[in-house]
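In what follows, a single structure is set out as structure tokens and then discussed.
Naming convention: chains lettered A, B, ... in sequence-line order (proteins, then strands); numbering from 1 in each chain. These values consider heavy atoms only, across backbone and side chains, with no hydrogens, waters or symmetry-generated copies.
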Amino acid sequence: MSTDVYEQQDTVFHKKLKLQMKDKGDEGRIAFLEDYLDYLLRGKKLVPPDFPTFAREIMGLDERKGWMHIVIWHKDSELVEFARARGYEYKIDHYD
Amino acid sequence: MTSQGFSIGEALVGEAPEIAHIDLIVGSKNGPAGQAFATSLAQPRMGHTPIMAVIRPNLPVKPATLIVPKVTLRDLEAAERIFGPAQSAVAKAVADAVDEGIIPKEQAEELAVIVSVFIHPRGKDFQRIYRYNYAATKLALKRAMAGFPDINVVLEEKPKAAHAMIGFRINNLEEPPYLGVELVHDDWRRIEGILRDLPRRDGIVIKAGAPLIKKYGIEVCQKIHEMRPESVVIADMKSLDTGNLEARMAGDSTADVVAFSALAPLKTQERFIKECRTIGVLAYMDTINVADPLEIIGRLEVKPDIVELRGKPTADMISKVKEACGKRALVALAAEIDTVGAKEAVKSGAAIIMVGETITESAEINRTASSYLEELGIYEVDQFRVMTDF
């Protein structure tokens, strides 16, 4: 089960969403992006304006001990809502 | 009243999915209401067959009442709901309206009533359908006979009204002052964090800054509205040419207010403002790098709805701008001023205090924005009243 290790801190500081892909490699990342789009479209949500950038970011991110580190600015960002809704292992932490 | 034409009543009662929405007209059989009654009865349309309201079989109510289904009846189940509990409720409500003096008894023969009835296809509970439609019909009749609403009530309520189904109100900036928060970042996830941190108050106006729009396109306004449907969104297009096209693009992307540059050629500015009027958004003049905004405004054939001034304009300057633009025009002040300065600016006549990094770079965005709202006395339009029926 996923856990939030987020603690209330000043909102000016960004956070990192540590997230595990369900499958390994590029295929796992593509499946993740497909799943995110599926979540948005089925939920009748608009695709975030930075989606092209986000897709490039996901495909290029290093994997750190099985976790992808994604920069977010709010503990309830749309990405976190998605991770919760679709059962991804995740945790939220402050940036290094 | 009814001898000269007809009266109109409307009422919404109950809870989904059985919620009752009644629109009706009451008028003389010898006037347009009577004519519509006869025409409708004689020319039924598929799925919208009108029926007479009856107290029981073979006993039609008086005044004669015709029920017209709003939703197309596609099967017997839908027909049962409207011709059963709904029509019975309407008939009882009309009869009770006579009994209670809402409709004068002596006019029962002279009048005709046409009742448009809405029943949601998912509404199944006959008890609720009956009770809601009874209450809604009687309320609509009472309103029709009383000429409700008074036009002053309409004008008073229009900036406060939120439709139950859309969940937000169209805000035309009619209740200043407002706190404007300018988003100048070019990182969507940063913007998302700011939007989520800001207090959920419709007294906050969001300005999508030019860098944000240039990076992601004008449709970013729609995403902002998705996250904050209660907020007015200003698209800072800073249009310098193709004014009408850019105004339309922003309007299509749900921006409520669209900004153009006062440096643009006058014809461009006028086309921009006219296009804003056409599509129902407010035209916002950005006076950055303009030495004398009043001179530009004076030369425009059509005036902007909002003028953004920079620096520390005097009360006299603000007053002159409003005078030049018309009594409904607003002045926005773009300056990184503190809460005390903001309060002084409002006293000088500014309607929107536009603040950027003072809020968005603050360690505690919510608290900082709240302190401005508090200092400016900005409250929710419904904060101090309990919304009840009329």
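Heavy-atom neighbours of A:Arg86 CZ from other residues, nucleotides or ligands within 6.0 Å: above the threshold of 12. Enclosure of atom NZ in A:Lys22 by more than 12 non-hydrogen atoms of other residues, nucleotides or ligands within 6.0 angstrom is indicated. Within 6.0 Å of atom CD in B:Glu219, 12 or fewer heavy atoms from other residues, nucleotides or ligands are found, so the atom counts as exposed in its surroundings. Counted within 6.0 Å of NZ on B:Lys70, heavy atoms from surrounding residues, nucleotides or ligands total more than 12; the atom is thus considered enclosed. For CZ of B:Arg277, the number of neighbouring non-hydrogen atoms (other residues, nucleotides, ligands) closer than 6.0 Å is greater than 12. Dense packing is recorded around CD of B:Glu174, with more than 12 heavy atoms of other residues, nucleotides or ligands lying under 6.0 Å away.
At least one donor-acceptor pair under 3.5 Å links the side chain of B:Arg189 to the backbone N or O of A:Val71.
The one candidate from B:Leu195, B:Asp197, B:Asp187 that meets the side chain to side chain contact (heavy atoms under 4.5 Å, CB included) condition with A:Trp73 is B:Asp187.
Using a cut-off of 4.0 Å between Lys/Arg side-chain N and Asp/Glu carboxylate O, A:Glu78 and B:Lys223 are scored as salt-bridged. Between A:Asp76 and B:Arg196 no salt bridge is recorded (no basic side-chain N to carboxylate O distance below 4.0 Å).
Taking all atoms of both residues into account, the shortest heavy-atom contact from A:Pro49 to B:Tyr216 is O-CD2, 3.4 Å.
Going from atom CG of B:Asp186 over to atom CG of A:Asp50 covers 11.0 Å, rounded to the nearest 0.5 Å.
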Walk me through whether A:His74 and B:Glu192 qualify under side-chain contact (heavy atoms from CB on, under 4.5 Å). CA-CA 8 Å; A:His74 199 279; B:Glu192 187 200 4; 6.0 Å; no
Go through the steps for A:His14 and B:Arg190 under the test side-chain contact (heavy atoms from CB on, under 4.5 Å), then give the verdict. CA-CA 8 Å; A:His14 58 263; B:Arg190 178 84 178 95; over 6 Å; no
